[in-house]
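Okay, structure first, notes after.
Below, chains carry the letters A, B, ... as their sequence lines are ordered, and counting in each starts from 1. We use all heavy atoms of the structure for the numbers below, so side chains are in, but hydrogens, waters and symmetry mates are not. What you see is a predicted model, and the numbers here were worked out from it, not measured in a lab.
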Amino acid sequence: MSYNFKEVERKWQEKWYREGTFNAKDDYTMKKWYGLIEFPYPSGQGLHVGHPRSYTALDIIARKKRMEGYNVLYPIGFDAFGLPAENYAIKNHVHPKITTENNINHFREQLKALGFSFDWSREVDTTDPDYYKWTQWIFIQLYKNGLAYKATMPINFCTGCKVGLANEEVVNGVCERCGSPVVQKEKSQWMLGITKYAQRLIDDLDDIDFLEKIKIQQRNWIGRSEGAEVNFKLTEGDDSLLIYTTRPDTIFGTTYMVVAPEHPLIEKYVDKITNLDEVKAYQGKAALKSDFERSEMNKDKTGVEIKGIKAINPLTNEEIPIWVSDYVLITYGTGAIMGVPAHDGRDFDFAKKFNLPIIPVIKPKGGEEPKELEEVLAEDGIAINSDFLNGLETKEAIQKAIEYIEENKLGERKVNYKLRDWVFSRQRYWGEPIPMVYCEDCGWNPIPEEELPLKLPEIQDYEPSENGESPLAKQIEWIKTKCPCCGKDARRETDTMPQWAGSSWYFLRYMDAHNDKELASKEAMEYWGPVDWYNGGMEHTTLHLLYSRFWHKFLYDIGVVPTKEPYQKRTSHGMILGSNGEKMSKSKGNVVNPDDVIKEFGADTFRVYEMFMGPFDQTAPWSVESIRGCGKFLDRVWNLQDILVDGDEYCPKHEKMMHKAIKKVSSDIEEMKFNTAVATFMTMINEFYKDKEINKAEYKTFLHLLNPFAPHMTEELYQMLGESKTIAETAWPKYDEAKTIDDEIEIPVQLNGKVKDVVKVAKDAEEAVVKAAVVASENVQKALEGKTVVKEIYVKGKIYNIVVK
RNA sequence: GCCGAUGUGGCGGAACUGGCAGACGCACACGACUCAAAAUCGUGCGGGAAACCAUGUGGGUUCGAGUCCCACCAUCGGCACCA
């Protein structure tokens with residue numbers, strides 16, 4: 001009998017979908033497990049082979065948890081607002097709603113064809129008004145609590161298309177579509193005050209089980225630093241220049257100041273600046289660059305001295321020049337710094353380039369005061385050339401400097417975060433309308449909550465407006481409304497939300513997906529929350545993952561959700577690359593279509609291959625040959641029927657292997673070491689074929705263990721054994737620890753760390769017994785000839801090492 | 001540049017807490033079956049005649065290092081409007 005995967009897979013998929021086999025139960029007395037994968041953006045290209053890697057992994061865990069008696073929620077949905085659908089609409093004049101619907105239908109079929117145990121009854125779609133009603137509701141709560149505000153922020157503006165562009169659409173400073181230069185244009189935008197949560201977003205990481213590298217990356221992104229804000233008086237006017245520094249101990253080494261090109265100082269002192277043309281020209285050039293380009297170091301430092309005005313070092317009272325340079329970012333600290341070239345790499349490069357003085361104010365511990373500085377001294381040491389700080393170690397010097405600054409009212413202690421507030425406005429059509437109204441008299445106000453959802457109007461023209469406004473700005477009728485406060489004529493906000501909005505709370509909706517009174521009921525959130533295990537890509541660590549933690553904390557503060565954190569555990573998968581080791585892309589021609597793989601090899605083979613291809617958390621290149629190998633493995637599983645014999649218990653020669661395998665596969669799944677779990681299956685069937693025998697008890701256990709990986713074939717085989725229940729309805733196999741331990745162990749015998757022989761001893765043999773075996777070894781004796789034994793080391797059960805001369 | 005990872009046979013990779021480097025699979029070679037091929041099954045498979053040499057490079061710690069420490073090189077992910 002041969003294995004017809006097409007028929008078998010369709011049969012089980014239809015049964016699962018029809019019967020809702022894997023739907024979560026509403027029985028809130030059961031122990032629960034909530035597994036979450038990042039819901040896909042339904043792109044026109046269809047599913048990527050990368051999606052099933054994450055989905056299969058959590059599917060395996062979800063299936064195992066169900067067999068262990070958990071009420072499992074493993075939901076799916078679509079993050080369907082976004083730029084590509086809109087750009088496609090502009091190009092092809094098809095409404096994004098239509099393409100989105102088509103794409104979702106395609107995705108749904110592809111996901112079903114892979115046999116994931118999703119609860120399809122809870123599917124969500126972020127573009128559905130019944131869904132985004134609550135996204136808008138959350139925004140209004142943010143606004144009411146002072147966390148949404150308007151601010152003027154720069155956007156990328158294409159001088160050719162006259163539209164705002166996403167960073168991704170800007171390539172080397174020009175528009176991706178028309179090639180015209182892109183400039184930074186000031187625009188009034190909605191902002192969300194995530195920085196108010198910076199400290200809590202750091203602190204609460206201690207209570208959750210995220211991979212350490214994820215925690216580190218989030219902490220670094222939030223970028224807490226302790227230092228001081230210090231005022232430097234100016235030679236003109238009464239103003240002073242406020243800078244932020246983490247190293248107030250180095251103020252004596254300040255030889256110049258730098259302000260960011262956007263710093264208000266320049267505008268304020270236009271009259272005093274003697275080289276204004278030069279400064280303005282520099283500002284213009286800087287406006288063309290993104291922050292990223294500016295901080296790229298392979299480019300030379302650039303800058304212009306602002307002439308006609310100087311700063312005064314508050315500790316030395318010396319006058320020092322003020323420069324403008326784009327290596328200082330307006331978005332961090334105060335947008336101005338003190339230049340200490342001796343002890344900061346960037347300042348050092350800048351000073352070298354423009355021949356500014358370099359004064360060392362720290363010497364290495366136990367070292368000499370450096371004469372001519374050829375390189376930056378960034379390490380801590382002992383303060384020198386610093387008056388009252390001299391002789392202090394860096395740590396103490398920082399504290400003393402801050403104390404001095406505060407006592408003399410020169411500035412104050414300050415904690416800073418690199419994290420910036422979240423720019424929440426997009427000048428785009430295909431997003432959630434921001435439910436705000438502007439009235440001449442009352443200013444901005446949210447629309448009444450009873451009016452939610454504020455539906456996105458159906459339009460024909462998705463082209464952005466000439467002035468960079470959203471396409472909605474052209475919908476005169478839609479914009480016109482009444483002020484929710486005074487009832488006078490008012491206008492709607494025309495910007496929409498970023499795609500991050502819908503994905504910041506979707507896991508809550510799954511808990512109670514059809515609730516039309518609340519985003520989810522209290523009971524549902526208390527039972528299901530927090531998500532027990534969330535897997536996704538490392539690329540989402542600092543944006544989506546942080547944004548959704550922020551929203552959740554806010555919802556916790558206003559009493560909507562019962563937990564401080566949305567996700568108890570977070571892991572991540574590696575990317576799948578093309579067979580040439582490069583990222584899959586149309587232009588490189590190395591894209592693999594999942595449909596083709598399923599057609600040729602079947603879903604089970606696809607799933608097993610993606611789990612076997614390499615360590616789950618690391619990138620792995622695609623290989624057609626290796627898939628074939630996994631197909632061969634499943635054929636061999638199918639053909640085990642040929643050597644099947646009766647037996648209600650494991651036969652003695654396989655007993656140890658069975659218990660070890662249950663233990664190994666169970667722990668490998670929990671640790672996401674799927675590749676070694678599959679290797680265990682392969683080793684097992686090699687053993688069965690070598691013995692030309694597998695009994696029924698062994699086969700049943702084997703099918704159970706393999707079921708989460710290859711659910712269709714294993715269910716079919718289980719049914720063919722005459723079982724009345726399915727594997728999904730029966731319990732995960734158990735093992736006996738005592739039966740996983742070998743009676744006899746092998747001890748390698750080394751000479752100076754090099755293995756010379758291996759001796760076999762009983763599992764708890766005393767050292768004397770092992771030594772006797774070592775002495776009896778011919779290989780060891782031969783190697784010992786003419787050498788003197790210095791020492792013998794025996795590590796119980798591990799190794800026997802003889803040190804010789 | 002900054003932050004985070006990764007580097008082991010021809011290839012993907014395995015190796016618990018510092019204890020036999022190369023499990024498992026692919027590719028390849030040979031053999032069986034076949035008129036033949038495919039499929040399948042079996043055997044071999046880091047280099048070297050051997051002593052030994054081998055886990056990106058150079059140092060170090062240790063009885064013993066792929067694993068720990070220091071310095072370096074290369075590759076990948078993110079850098080806030082792609083998601």
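- A salt bridge between A/E493 and A/K150 is present, with a side-chain N of the basic residue lying under 4.0 Å from a carboxylate O of the acidic one.
- Rounded to the nearest Å, the gap between the P atom of B/A36 and that of B/A49 is 36 Å.
- The same atom, P, is picked in B/G9 and in B/G58; the two are 15 Å apart, to the nearest Å.
- Listed by chain and number, the residues in a side chain to side chain contact (heavy atoms under 4.5 Å, CB included) with A/K673 are A/D668, A/E671, A/N675, A/T676 (sequence neighbours excluded).
- Spacing between atom CG of A/L211 and atom P of B/C3 amounts to 20 Å, rounded to whole angstrom units.
- Checking B/A80, B/G13, B/C81 against every side-chain atom of A/V423, the shortest atom distance belongs to B/C81.
- Cation-pi geometry between A/K301 and A/Y327 is met: the NZ or CZ atom falls under 6.0 Å from the ring centre, inside 45° of the normal.
- Checking A/N686 against A/E212, the closest nucleotide of RNA chain B that is more toward the 5' end is the one next to A/E212.
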Tabulate protein N/O versus nucleotide N/O from nucleotides 27-34 of chain B, keeping only pairs under 3.5 Å, one per line.
none

Protein and nucleotides 58-60 of chain B: nitrogen or oxygen contacts under 3.5 angstrom:
none

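- As judged by a 4.0 angstrom heavy-atom cut-off over every strand, A/H544 is placed among residues making no nucleic acid contact.
- In this structure, A/F5 and A/D604 have side chains that are not in contact, with every pair of non-hydrogen atoms separated by 4.5 Å or more.
- With distances taken from any side-chain atom of A/M682 to the nucleotides B/A80, B/C24, B/G78, the minimum falls on B/C24.
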Sugar-phosphate or base contact per nucleotide [nucleotides 17-23 of chain B; S, B, -; heavy atom under 4.0 Å]: --BBS-B
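- Both tests pass for A/R570 against the ring of A/Y534: distance under 6.0 Å to the centre and angle within 45° of the axis.
- Listed nucleotides: B/A80, B/G4, B/C24. Nearest to the side chain of A/M538: B/G4.
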Using the 3.5 Å cut-off, write out each protein N or O paired with an N or O of nucleotides 46-55 of chain B and the distance between them.
| from | atom 1 | to | atom 2 | distance (Å) |
| --- | --- | --- | --- | --- |
| B/C52 | OP1 | A/K756 | NZ | 3.4 |

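- Side chain of A/W500, nearest nucleotide from B/G77, B/C41, B/C81: B/C81.
- Among the duplex regions that RNA chain B forms, those built from at least three successive Watson-Crick or G-U pairs under 3.5 Å are B:1-7 with B:73-79, B:10-12 with B:24-26, B:28-32 with B:40-44, B:56-60 with B:68-72, ordered by first number.
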